[in-house]
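Notes follow once the structure below has been shown.
Residue numbers count from 1 along this sequence.
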Amino acid sequence: MEATNAIEKLRAKCLERGASGIKGLARFFRRLDTNRSRALDADELHRGLQEMGLALEAGEAEHICRHWDRDGNGTLDLEEFLHALRPPMSQARKDVIEAAFAKLDRSGDGVVTVDDLRGIYSGRKHPKFQRGEWTEDDVFQHFLDNFDVGDKDGQVTAAEFLDYYSGISASVDTDEEFVAMMTSAWQL
């Protein structure tokens, strides 16, 4: 419970700094991660937050690290931490993301692949296709890679799609703006 309270406190402080607060934290922590391990220990976390003017009470950085340290190695996975900082999405936002995913997932199997994109989208106007560097399937795969996290297996699950838009959602103030953006972008 203490880690959740500390995360809520940190989230509130980030939001006070404006929509770029969480993105700013990501850039700052990446600079702190000098060994490029994509992880911080409690001391690095505490020091970094103090430098940003986001100091937590004594022990809160340790509680956060313990809560999010999934493998027990004493460090905090940066991506999971930033994911935890994202404000929860409303049902309206989740619904429009689900509708966009359903539009892409023509086969209805819960996974978007290059096969799902063929016939509905064209990659022929992409500069690399026009120069002969990529096939249309290469264009589609590059597009899917935006949403495909981790192993880049060429497939985008509903969870990966939701996670991608969760990050974008954190920087859009109102549900109305987010729904309008998604509706326009995906022609829903």
Taking D105 for the side chain and V112 for the main chain, is one N or O donor matched with an acceptor at less than 3.5 Å? no
Side-chain donor/acceptor of Q155 to backbone N/O of V111, under 3.5 Å: no
How about CD on Q187, more than 12 heavy atoms from neighbouring residues, nucleotides or ligands closer than 6.0 Å, or not? no
Given F143 and W134, is the ring pair (Phe, Tyr, Trp, His ring centres under 6.0 Å) satisfied, shown in steps? CA-CA 12 Å; F143 172 73; W134 283 0; over 10 Å; no
Is it true that a side-chain atom of S184 and a backbone atom of A180 form a donor plus acceptor pair closer than 3.5 Å? no
Distance col, row R93:CZ vs D95:CG, nearest 0.5 angstrom, shows 12.5 Å
Candidate pair D41 and T75, rule side-chain hydrogen bond (donor to acceptor under 3.5 Å, both in side chains), full reasoning: CA-CA 4 Å; D41 63 27; T75 62; over 6 Å; no
Just checking Q130: does its CD atom have more than 12 heavy atoms from other residues, nucleotides or ligands closer to it than 6.0 angstrom? yes
Go through the steps to decide whether D163 and S166 satisfy the test side-chain hydrogen bond (donor to acceptor under 3.5 Å, both in side chains), and finish with yes or no. CA-CA 5 Å; D163 186 55; S166 175; 5.1 Å; no
Should we say atom CZ of R118 is surrounded by more than 12 heavy atoms from elsewhere, each under 6.0 Å from it? yes
Answer with yes or no whether the side chains of D145 and Q141 bring together a donor and an acceptor at under 3.5 Å. yes
Measuring only between side-chain heavy atoms, which start at C-beta, is I120 closer than 4.5 Å to R106? yes
Say whether, by atom type as modelled, one donor and one acceptor occur between the side chain of K103 and the main chain of L188 under 3.5 angstrom. no
With no hydrogens and no angle check, do the side chains of D109 and S107 hold a donor and an acceptor under 3.5 Å apart? yes
For Y121 against L104, the heavy-atom pair lying closest together: CE1-CD2, 3.6 Å
When every non-hydrogen atom of F140 is compared with those of S122, the smallest separation belongs to CE2-C, 4.1 Å
